[in-house]
Amino acid sequence: MKMAPRVRFAPSPTGALHVGGARTALFNWLFARHHGGTFILRIEDTDRSRSTEESIEEIKAALRWLGLDWDEYYRETERFPLYQEAAERLLAQGKAYEREGAWWFRVPRPGTTVVHDLLLGDVAYDHGLIKDFVIRRSDGSFTYNFACAVDDADLGITHVIRANEHLNNTPRQILVYQALELEMPEFAHLPMVLSKERTKLSKRHGATSVFEYRDRGILPEALINFLVRLGWSCGDREIFSKEEMVALFDLKDVNVSAAVFDEEKLLWLNQHYLKAGDPERLGELLREFLMRQGIVSEEEAEAIPKAKLAKAIELFRERSETLVELAEKARFILSDRLEYDPKGVERFLTPEKGPLLEGLLEELAGLDESEFTAPRLEEATRAYLARAGHQLKEIAQTCRVALTGKTEGPGLFETMEVLEKAEVLTRLRRGLELIRQGQGA
RNA sequence: GUCCCCAUCGUCUAGUGGCCCAGGACGCCGGCCCUUCAAGCCGGCAACAGGGGUUCGAAUCCCCUUGGGGACGCCA
């Protein structure tokens, strides 16, 4: 029986959590959860000049938003004595030396260090190519390659799962383990996530931070599902709930070549989760989104009935890829301030449609409020149209523009249902008014 | 420049020597449905980087070339 694994995600708090880091965190989290192990969040803030408290909080918030919970939490700046003791030991043993105030690790030469990578196999490094490196800066702080190895050993990390860009650091860390006679973890270097320009992800290439995607209306479950497929696969499957990922995830199904972050596919997944999710829950996400983006005030957002938001989700999720789009499309039901599409008005609110629209208005006015359900509305409308000798398609768009200001949207009768009787009559009358104005002009 | 990693449709990938004149998904194109836009359904286009080996047989193994990416800090 193997020991339960202990893995860590070790970001440096020098900025927002970006999607590449999120992917690394996800793989570590999945590995831990799949094997019933421990997932540790360790903040690598040994570079005090570049680390900020804001970044730490944002990274934690982003991980929580993604649903990646950690079991243990550490900050390297709080573990100073550990590094100090280890560094002094190396100095005393002559495995490190001081020069110009900094402490340097003495790389044994000649020699070779082989990284036994779980994904890549053996990778050999000639010590002739590895320069001595600083372990303790002249200001007394410790460097990454040193603190990282000491920490991983001290925390009993069993598997170091990190991005491929760290592969070349690994021999140095192995040297530290050996010099300190520490037990070594397994290593697994993940393929990089590349921008669509095929370069390392950075702020230069548009949205890269997790929260930027959130603010662009991406659902956390969509982002997680998208990220897990960057380097991991399970036959032909594309859709995975978090529980399914945990059950299915295995390092042996992780590949080794870099993956490009394809936003089109993210958008498709996002719409998938929009369509598949519980309307009430998504409705609440929409409420938060409306608030956070300042689309409506906090008071307004809180005043919107739960049922109405759920209805907005149901009506618009088949025609929206993101919450941004959905919020925009659903505006006409969340607010009575209509914005008419000029082209739609010009094309459909025309004089010859007047009489038919007016007739429909009268017909609907005769209906009881309780009859404002999509099926009943359709029945009544079709009956009226049949009597008048017209077809639905002759009036549908006119009606839609009057009700929503737009030429596209959900089914006409569903739209009427969600608007309810009073609002439908008001807007239809306003539409008639616009027709008359158009005539006069 | 040096070192390291990688190489299947535009993109994410399946494939682990014969089941592959290469499968799925996104995107794209066409059709159906239809009160609009979508969604859905059906169909289509599209790849084993090149060259050498190994083998009865290579997308799968080896070598070279080319291409891509990453690392070369008292950053992580």
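Hydrogens, waters and symmetry mates play no part in the numbers below; they use all other heavy atoms, side chains included. All chains are named by letter (A, B, ...) in the order of the sequence lines, taking the proteins before the strands, and each is independently numbered beginning at 1.
In this structure, A/W268 places its CH2 atom 20 Å from P of B/rG10, rounding to the nearest Å. Computed from coordinates, the A/R99 CZ to B/rC74 P distance equals 10 Å when rounded to whole Å. Atom CG of A/L190 is separated from atom P of B/rG70 by 16 Å (rounded to the nearest Å). When the C1' atom of B/rU35 is taken as reference, atom NE2 of A/H390 falls 15 Å away, rounded to whole Å. Rounded to an integer number of Å, the gap from CZ of A/F146 to P of B/rC74 is 16 Å. At whole-Å resolution of the value, CD1 in A/I395 and P in B/rU36 are 14 Å apart. Regarding A/H272, its NE2 atom lies at a distance of 14 Å from the C1' atom of B/rC26, rounded to whole Å. Between the CG atom of A/L194 and the P atom of B/rG67 there is a distance of 18 Å, given to the nearest Å.
The side-chain heavy atoms of A/L219 and A/L282, taken from C-beta on, include a pair separated by under 4.5 Å. Looking only at side-chain heavy atoms (C-beta outward), A/Y213 and A/V19 come within less than 4.5 Å of each other. Side-chain atoms of A/T404 and A/L338, non-hydrogen and from C-beta on, never get closer than 4.5 Å to each other. Within the 4.5 Å cutoff, no side-chain heavy atoms of A/F9 are placed close to those of A/W29. Contact annotation: the side chain of A/V418 never approaches that of A/F413 to less than 4.5 Å [non-hydrogen atoms, C-beta and beyond]. For the pair A/R136/A/T143, no side-chain contact is recorded, criterion being any heavy-atom separation below 4.5 Å from C-beta on.
Taking the P atom of each, B/rA14 and B/rG30 are spaced 31 Å apart, rounded to whole Å. To the nearest whole angstrom, the two C1' atoms, one in B/rC61 and one in B/rU55, are 10 Å apart. Between B/rC6 and B/rU65, the two C1' atoms lie 16 Å apart (nearest whole Å). Between B/rC34 and B/rA46, the two C1' atoms lie 31 Å apart (nearest whole Å). A gap of 26 Å separates the C1' atoms of B/rA71 and B/rU11, to the nearest Å. The gap from the P atom of B/rC56 to that of B/rC45 amounts to 37 Å, rounded to the nearest Å. Atom C1' of B/rC19 sits at a distance of 46 Å from the matching atom of B/rU2, rounded to the whole Å. With C1' as the reference atom, B/rC20 and B/rA76 are 44 Å apart, rounded to whole Å.
Mapping A/V134 and A/W232 onto RNA chain B via the closest heavy atom, the residue that lands nearer the 5' end is A/W232. Both A/D45 and A/R237 lie near RNA chain B, and the one whose nearest nucleotide falls closer to the 5' end is A/R237.
Looking at heavy-atom distances under 4.0 Å, A/K131 makes contact with sugar-phosphate atoms alone, never a base. Within 4.0 Å (heavy atoms only), A/D126 reaches no atom of the nucleic acid at all. Using a 4.0 Å heavy-atom distance criterion, A/E100 is classed as a base contact. At the heavy-atom level, A/A102 lies under 4.0 Å from base atoms of the strands shown. Nucleic acid contact class of A/P191 (heavy atoms, under 4.0 Å, all strands): none. Using a 4.0 Å heavy-atom criterion, one finds that A/H166 contacts the bases of the nucleic acid, with or without backbone contacts as well. Counting non-hydrogen atoms under 4.0 angstrom, A/K275 reaches the backbone sugars and phosphates but no base. Using a 4.0 Å heavy-atom criterion, one finds that A/G101 contacts no nucleic acid atom at all. Here A/L412 lies in heavy-atom contact (under 4.0 Å) with a base. Looking at heavy-atom distances under 4.0 Å, A/R50 makes contact with a base.
Remark: B/rA59 base-pairs with no nucleotide; criterion is Watson-Crick or G-U wobble with both hydrogen-bond distances under 3.5 Å. Across all strands shown, B/rG1 forms a Watson-Crick or G-U wobble pair with B/rC72, both key distances being under 3.5 Å. Base pairing analysis places B/rG67 opposite B/rC6; the two distances defining the Watson-Crick or G-U wobble pair are each below 3.5 Å.
Nearest to the side-chain atoms of A/A396 among the listed nucleotides B/rA38, B/rU35, B/rG73 stands B/rU35. Closest contact between the side chain of A/D47 and the listed nucleotides B/rA76, B/rU13, B/rC26 involves B/rA76. Among B/rC74, B/rU13, B/rU11, the nucleotide with an atom closest to any side-chain atom of A/S138 is B/rC74. Listed candidates were B/rG70, B/rA76, B/rA25. Nearest to the side chain of A/K200 is B/rG70. Nearest to the side chain of A/R382, among B/rU13, B/rG24, B/rU35, sits B/rU35. The side chain of A/K393 sits closest to B/rU35 out of B/rU35, B/rA76, B/rG70.
No hydrogens or angles were tested; on distance alone, nothing pairs the side chain of A/T143 with the base of B/rC74 as donor and acceptor under 3.5 Å. In this model, a side-chain donor or acceptor of A/E238 finds a partner on the base of B/rG24 within 3.5 Å.
OP1 or OP2 of B/rA76 sits under 4.0 Å from a side-chain N or O of A/T46. For B/rA14, one of the phosphate oxygens OP1 or OP2 lies less than 4.0 angstrom from a side-chain nitrogen or oxygen of A/S233. Phosphate proximity of B/rA76 to A/R162: absent, as no side-chain N or O sits under 4.0 Å from OP1 or OP2.
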What N/O pairs connect the protein and nucleotides 2-9 of chain B at under 3.5 Å? Give each pair on its own line.
from	atom 1	to	atom 2	distance (Å)
B/rC4	O2'	A/Y125	OH	3.4

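Under the 6.0 Å distance and 45° angle rule, A/K406 does not count as a cation-pi partner of A/Y340.
The pair A/E244-A/R237 meets the salt-bridge criterion, since a charged nitrogen lies less than 4.0 angstrom from a carboxylate oxygen.
Using a 30° and 60° split on the angle between ring planes, A/F316 and A/F332 fall in the perpendicular class, above 60°.
Residues that satisfy the salt bridge (Lys or Arg N to Asp or Glu O under 4.0 Å) test with A/R162, not counting sequence neighbours, are absent from this structure.
For A/E58 against A/A16, the heavy-atom pair with the smallest separation is OE2-CB, 3.1 Å. The nearest pair of heavy atoms linking A/I333 to A/L419 is CG2-CD1, 3.8 Å.
A donor and an acceptor atom, one from each side chain of A/E72 and A/Y74, are located under 3.5 Å apart. Counting only N and O atoms by type, the side chains of A/T322 and A/N270 include no donor and acceptor under 3.5 Å apart.
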Report summary line: Nucleotide by nucleotide, nucleotides 45-50 of chain B touches protein heavy atoms under 4.0 Å in the pattern (B base, S sugar-phosphate only, - none) ------
